[in-house]
Every structure is written in structure tokens, then in C-alpha cells.
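Provided herewith is a single structure, encoded as C-alpha cells, for subsequent inquiry.
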Amino acid sequence: MGEAPKRVAIADLGRHVGETVEIRGWLYNRRSSGKISFLIVRDGTGVVQGVMVRGEVPDAAWETYDVLTQESSLIVEGTVREDARSPGGVELTLHAVTPVQISTDYPIGPKEHGSAFLLDHRHLWLRSKRPWHVLRVRDGLIFAIREFLHGRGFLCLDSPILTQAVGEEAGTLFETEYFDLGTASLAQTGQLYVEAGCMAFGKVYCFGPTFRAEKSKTRRHLTEFWMLEPEMAWYDWEDNISLQEELVVHLIEYALANHGDDLEALERDLASLEAVKPPFPRLSYDEAVDVLRSAGSGIEWGQDFGGEDQTLLTAEFDRPVFVHSFPRVAKAFYMKQHPDRSDLVLCNDLFAPEGFGEIIGGSQREDDHDRLIECIREESLPLAAYDWYLELRKFGSVPHSGFGLGLERTVAWICGLPHLREAIPFPRLINRLSP
RNA sequence: UGGGGAGUAGCUCAACUGGCAGAGCGCCGCGCUGUUAACGCGGUGGUUGCAGGUUCGAAUCCUGCCUCCCCAGCCA
């Protein structure tokens, strides 16, 4: 026997043409045509087809074909060869096949399945082509977000998950007992904490899971989702919008440059992503309502945009659309009042094209102590819960702004997914807590 | 929380007006030296979501319950 072959990743096979290598992975599928058989092997980095010809491989290897079932783990050894007939352009002439564990009755087959069945088997579904590509894009976007922000002097300031203060709306909180301190709730947002952070570090962000107990059953909602929340001291609402635009452009460029293969495998229309270039249209709420009315919407001034309105609005443009200066009645208490219109606040939403809806909500924050107290009272929120937050306005208050970007909605948009449940590894929905 | 749709083999779905429970995939067996969700032939596989009712007879009609899917509201 010669030396043990080098163990390589399938993703790197192109650099090992002509060499004999070892791959450790799982059987994705198999096909046979009598005296020639094909083992489609995946190892987490990619998929490669192994070929065995009867009489040209040891009988022991040849006979493993009959034993190996879908998703059995195995170790194969073979010679890397370029071959246009093979998907991926590279295939493996097998010399040895060693089963590690034989899988029996793997539930996910090559034919179609329903979404409920697949979600029940999410722990296994992750191995399938579609989730595999989606979650690679998700990982890439997380990396690109952090890269973008650190490149601009941001500091990551993690906000707590267990909180006492209410972030936005009471009534949609997940609650739990917290020792002698009463009820704790899972954070709906880290915003109040990054507001504290930006006064210490200038530009900060938090990025983690957030929780909403809304009983909504739509393709645009999860009960647990990841939100990026940058917060910047000395930024006004227009600086805020410019940063959002740069970030979104960066994410699209990153995805196209680094995940083109994934997006193609997902059959994403790349042309519509390539069209996402600055500047994005910026409409005031009043202008957006006019556009919607002339497009046939029955929206009344003061209402927030529904799903249909968002689709209608973005259909007018080929790139994401900013809408700013919303009515105060439609927005959260902490947003700063418009200097010329007391019925508006200095905020913005960003709507993704092609009906993917709102991916960002942001605003300049109310920085005046007394005015902020008025806002809290107007919303009938418990003033005591905001004591530390109010102190930020007593010790060197400055204009500041920030926004929240929904990661899953961004992933869904970039990957072209019809439902958010595919944009997160283990989705939490109103009727789903497992796996 | 409202509106709509659907539960039949392990999976995806058929079954006309109430009249023998079916197909493809999977799985098992046989065949095939380049397959691409391989293919051909044969076989395996059912408490028709649960409980009750109508009927000579119910997957099918009626009542209640459960579950899932889609849409709306709310939001990221």
C-alpha cells in the first residue's frame, strides 16, 4: 500500500486534478447503470460525483453501492478528474469506499415535499440543496454587515436579551419569571441600549435575536428574528438614510461578488439585484401616499403601509425605496418631531423591491428630556421603566439616529424566498417551536 | 384575532352525482458501461386527521373538535 491519500474538501477539488484524494462526507444520491455506478457525495463544502466501473475497482468497493443508502456517512478515496459530463466539471474515479454509518429510511426524498413536512424535518432539511445555499448567503450577509460597520468605525455593543423596559409596544412580549424582580421580557429591540452606547463610543451597533409575541401568521413574520441596530451620535435623519443606503448597496455587491453560485442555484434573478444602485428614491410619506392613491390604493393619510401598499409602491421603481417623515400617530414614541410639521416625525422606512417589503425602519431620536417625557405619557407607557433611558437626555444629550435592519427579510429579498421561515436555520413561528 | 382552502400509503397527490382504495416517488427484487430528481420490468405499502350522525352503502353528505396551508391586521 502507498501513502494515505490527502484529505480534501470538495470545494477545493479543482486544485487537485490528477491527485488521489480522500473525502469524508455523506451519500447525497446514487445512480447505477449496471456495470457503472455513480455515488453523489457531499461533504458540507459541496457535492461531487464519484464513478465506479465494475472490474476496475476492488469488489469490496463495488459492492458498497448496494449497501449505501441516501445520507449514509462514508469515506471515499479516488482520483480527481476533469469531466464535462459531471455536474461541477470535476468528478472522482473511485478506488475505495468505506461506509461509516448506514442510514435507514431517510425521510427527505428527491421528489417534492410540503412546507410543513420539511419544517418538521428542518434538522435534516438543512442538508438539502435549497436550504444549504440560502444559509450560506445568510452567513455571508452577516459577515458583510460586520465588515461594513467595523470599516466605518462602529463598535459592536451587545444588548441584553432579558429586559425590564418595554421597547415598543406592550402586549407582544414574551415574559418569564425573574427571581425576586418580577417579570422579565425577551427583548423586542436593543435600541434603547445602543442609544446609551453611542453616547459612549460614538457609533455602535447590536446584532442578535429579537422576540415579538405578535400572533401574526404571514410570510413576513417570525416570533424570533435577527435584527441589526446601528446607532450613531451626531447623525441626523438624513445622515441616517445615507448610511442605510450605503449598507444595502454593500450587501448587494457582496452577495453578487461572493455568492453568485448560491443565488444561481436558487434561481434568483440576478438582473434585478444588479439594478440596486444608489441613489435610491426618497419619498416623503405625503408623496408616497399620493403615488399609492394614483396607483389605486385606498390608503388614508395617517395609516402605515400594508403589505399590498409596499408592493404597489416599490413596483414603481427598480430599486429599494425610502419613505420618510411619517405621521406621528403611525410611529414609536422615541422618534423626533419634524421641525416644520408637528404631526410628523423624522423617521424613514426602506422598502425592498419585488414585493419583499420593509427591511429597515429608522429614525432620528427625540433628544430633548422634557419632550421625551411628554411622548412617553402620550403613549401611556410606564414612565418608571424608562428612568435610565431618560438620563441619557440629562447628561450631554446630542442629536442621534439609528435604524433596525431585519436580517431574515434581507436574506429573503436577496435570495428571492417567498417566506421568512427559509431565511433562518431553525424558524420560530406562532405554531412552531421544534426542531 | 378575522377571511378562505386542505387533511387519503413514508412523501406528493388522484378517486365523477354517495357504489371494489389508486398513481408517481421511496423501499425490496431483476435488468442495463455515462447516469444527471437516470431508466425498464415485477413486488411492497391504507384505522381515508379524531369523535359522533345520516344511509342498504361514506374518503365523499351533516355536526363538533384537532392540525396544516394561504390572505389580512401588526411589524423588522
Side-chain angles (χ1 to χ4, degrees), chain A residues 28-40 47-57 62 65-66 69-71 81 83-88 91 93 103-121 125 128-130 167-169 171-172 187-191 207-229 244 303-311 330-332 349-352 356-362 403-413 418-421 423-424 429-432:
Chain A
Y28 194 68
N29 200 356
R30 56 172 193 172
R31 286 184 282 271
S32 164
S33 180
K35 295 203 172 56
I36 184 166
S37 61
F38 304 90
L39 298 181
I40 292 85
V47 176
V48 70
Q49 172 166 277
V51 185
M52 287 192 290
V53 176
R54 188 178 186 177
E56 296 178 18
V57 288
W62 175 258
Y65 180 88
D66 293 326
T69 51
Q70 191 187 2
E71 287 304 324
R81 189 164 42 75
D83 194 318
R85 291 172 296 186
S86 183
E91 69 179 19
T93 302
S103 152
T104 50
D105 298 325
Y106 185 71
I108 300 176
K111 288 276 182 175
E112 288 171 15
H113 296 285
S115 63
F117 177 82
L118 288 171
L119 286 173
D120 285 341
H121 297 86
W125 188 28
S128 298
K129 181 180 165 184
R130 187 177 165 84
E168 301 195 350
E169 288 291 312
T172 59
Q188 294 183 308
T189 169
Q191 184 198 311
F207 193 11
T210 49
F211 308 86
R212 307 256 169 114
E214 292 159 359
K215 289 192 176 177
S216 44
K217 292 168 71 172
T218 83
R219 60 186 146 128
R220 288 174 179 162
H221 289 87
L222 299 167
T223 56
E224 175 181 317
F225 65 97
W226 279 60
M227 185 156 64
L228 167 72
E229 294 179 276
Q244 294 166 38
Q303 292 178 336
D304 214 336
F305 302 129
E308 200 162 321
D309 289 323
Q310 296 177 17
T311 305
K331 292 293 175 183
D349 285 353
L350 179 66
F351 300 104
F356 286 98
E358 182 183 347
I359 57 170
I360 288 179
F403 62 92
L405 174 141
L407 178 65
E408 289 75 19
R409 288 186 180 178
T410 306
V411 172
W413 167 41
H419 199 299
L420 247 46
R421 63 190 167 211
I424 186 167
L429 302 163
I430 187 170
N431 61 346
R432 187 168 293 279

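Here is how names work: the chains are called A, B, and so on, in the same order as the sequence lines, proteins then strands, and each is numbered from 1. Side chains included, hydrogens not; waters and symmetry mates left out as well; all remaining heavy atoms used. Only a predicted model underlies this, so the values are computations on that prediction, with no experimental measurement involved.
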When we call it a touch if two heavy atoms are under 4.0 Å apart, what does A/Gly114 touch: a base, just sugar-phosphate, or nothing?
-> sugar-phosphate
Does any non-hydrogen side-chain atom of A/Phe225 lie less than 4.5 Å from one of A/Leu407?
-> no
For A/Leu429 and A/Lys217, run side chain to side chain contact (heavy atoms under 4.5 Å, CB included): C-alpha distance rounded to whole Å, both residues' side-chain angles, the deciding distance at 0.1 Å, then the answer.
-> CA-CA 8 Å; A/Leu429 302 163; A/Lys217 292 168 71 172; over 6 Å; no
Checking all strands, does A/Asn29 fall into the base, sugar-phosphate, or nothing category for heavy-atom contacts under 4.0 angstrom?
-> sugar-phosphate
Any side-chain N or O of A/Asn431 less than 4.0 Å from the OP1 or OP2 oxygen of B/U67?
-> no
Residue-phosphate contact under 4.0 Å: A/Arg421 side-chain N/O, B/C70 OP1/OP2 = yes
Remember a base hit wins even if backbone is also touched, and classify A/Thr218 as base, sugar-phosphate or nothing at under 4.0 Å, heavy atoms.
-> base
Partner of B/U33 under the Watson-Crick or G-U wobble criteria, both distances under 3.5 Å, comes out as none
Pairwise C1' distance for B/G73 and B/G2, with rounding to whole Å = 9 Å
Mate of B/A15 across any strand shown (Watson-Crick or G-U wobble, both atom pairs under 3.5 Å) is none
To the nearest Å, how far apart are A/Arg31 CZ and B/G31 C1'?
-> 19 Å
Take atom P in B/A9 and the same atom in B/A21, then report the distance between them in whole Å.
-> 15 Å
Within the distance-only criterion (no hydrogens, no angle test), does the side chain of A/Arg409 pair as donor or acceptor with the backbone N or O of A/Glu358 below 3.5 angstrom?
-> yes
Using the C1' atom as the reference point in each nucleotide, state the distance between B/U60 and B/A15 in Å, no decimals.
-> 10 Å
When the C1' atoms of B/C27 and B/U67 are considered, how many whole Å apart are they?
-> 28 Å
B/U12 and B/G45: how far apart are their C1' atoms, nearest whole angstrom?
-> 15 Å
Return the value, rounded to whole Å, for the distance between atom CZ of A/Phe38 and atom P of B/C32.
-> 15 Å
Looking only at N and O atoms, is any donor in the side chain of A/Arg409 or the base of B/C75 less than 3.5 Å from an acceptor on the other one?
-> yes
Spacing between A/Tyr65 atom OH and B/G31 atom C1', to the nearest angstrom = 13 Å
For nucleotides B/C69 and B/C13, find the distance between their C1' atoms and express it as a whole number of Å.
-> 15 Å
What nucleotide, of B/C32, B/A76, B/C28, holds the atom closest to the side chain of A/Glu358?
-> B/A76
Pairing partner of B/A72 (Watson-Crick or G-U wobble, both distances under 3.5 Å) = B/U1
Measure the distance from CD on A/Gln70 to P on B/A37 and round it to the nearest whole Å.
-> 14 Å
Base, sugar-phosphate alone, or nothing: which one does A/Leu420 contact when heavy atoms must sit under 4.0 Å apart?
-> base
Send over the distance from A/Lys217 NZ to B/A72 C1', rounded to a whole Å.
-> 12 Å
For atom NE2 of A/His221 and atom P of B/C71, their distance in whole Å = 12 Å
Whole-Å distance separating the CG atom of A/Leu429 from the C1' atom of B/C75 | 15 Å
Assign each of A/Asp309 and A/Ile40 to its nearest nucleotide of RNA chain B by heavy atoms, then name whichever residue's nucleotide is nearer the 5' end.
-> A/Ile40
Out of B/U33, B/A76, B/U12, which nucleotide sits closest to the side chain of A/Phe225?
-> B/A76
Heavy atoms under 4.0 Å, any strand shown: does A/Ile360 hit a base, just sugar-phosphate, or nothing?
-> sugar-phosphate
Donor-acceptor under 3.5 Å (A/Gln188 side chain, A/Thr172 main chain) | yes
Within 45° of the ring axis of A/Tyr65 and under 6.0 Å from its six-membered ring centre, is that where the NZ or CZ of A/Arg30 lies?
-> yes
How is A/Thr210 classified with respect to the nucleic acid when contacts are heavy atoms under 4.0 Å: base, sugar-phosphate, or nothing?
-> nothing
Is there a Watson-Crick or G-U wobble partner for B/G45 with both distances under 3.5 Å, and which nucleotide is it?
-> none
For atom C1', what is the distance between B/U48 and B/C28, given to the nearest Å?
-> 26 Å
Paired with B/U55: which nucleotide, if any, by Watson-Crick or G-U wobble criteria at under 3.5 Å for both distances?
-> none
Would you check, one step at a time, whether the test side chain to side chain contact (heavy atoms under 4.5 Å, CB included) holds for A/Tyr106 with A/Thr69?
-> CA-CA 8 Å; A/Tyr106 185 71; A/Thr69 51; over 6 Å; no
Where do A/Lys215 and A/Ile430 come nearest, in terms of heavy atoms and distance?
-> CA-CD1, 3.4 Å
Counting side-chain heavy atoms from C-beta on, which of B/A76, B/U33, B/C69 comes nearest to A/Ser115?
-> B/C69
Start with the C-alpha gap between A/Arg432 and A/Thr223, add the side-chain angles, then the distance that decides, and say whether side chain to side chain contact (heavy atoms under 4.5 Å, CB included) holds.
-> CA-CA 10 Å; A/Arg432 187 168 293 279; A/Thr223 56; over 6 Å; no
Look at all strands and tell whether A/Arg130 reaches a base, only sugar-phosphate, or nothing, counting heavy atoms closer than 4.0 Å.
-> nothing
Partner nucleotide of B/A21 by Watson-Crick or wobble geometry (both distances under 3.5 Å) = none
Remember a base hit wins even if backbone is also touched, and classify A/Phe117 as base, sugar-phosphate or nothing at under 4.0 Å, heavy atoms.
-> sugar-phosphate
May I ask you to decide if the ring planes of A/His113 and A/Phe117 are parallel, tilted or perpendicular, using 30° and 60° as cut-offs?
-> parallel
Atom P, compared across B/A51 and B/G18: separation rounded to whole Å | 24 Å
Any N/O donor-acceptor pair, A/Glu91 side-chain to B/G34 base, under 3.5 Å | yes
From the options B/G73, B/U33, B/C32, select the nucleotide whose nearest atom is closest to the side chain of A/Ile36.
-> B/U33
Kindly point out which of B/G34, B/U33, B/A76 is positioned nearest to the side chain of A/Arg212?
-> B/A76
Would you indicate what A/Gln310 reaches in the nucleic acid, counting non-hydrogen atoms under 4.0 angstrom: base, sugar-phosphate, or nothing?
-> base
Report which part of the nucleic acid A/His419 touches: base, sugar-phosphate, or nothing (heavy-atom distance under 4.0 Å, all strands).
-> sugar-phosphate
In the strands shown, is B/A6 matched to any nucleotide by a Watson-Crick or G-U wobble pair with both distances under 3.5 Å, and which?
-> B/U67
Distance-only donor-acceptor test (3.5 Å): side chain A/His113, base B/C11 = no
Is A/Gly109 touching bases, backbone alone, or none of the nucleic acid, heavy atoms closer than 4.0 Å?
-> nothing
Would you kindly give the CZ-to-C1' distance between A/Arg219 and B/C75, to the nearest whole Å?
-> 15 Å
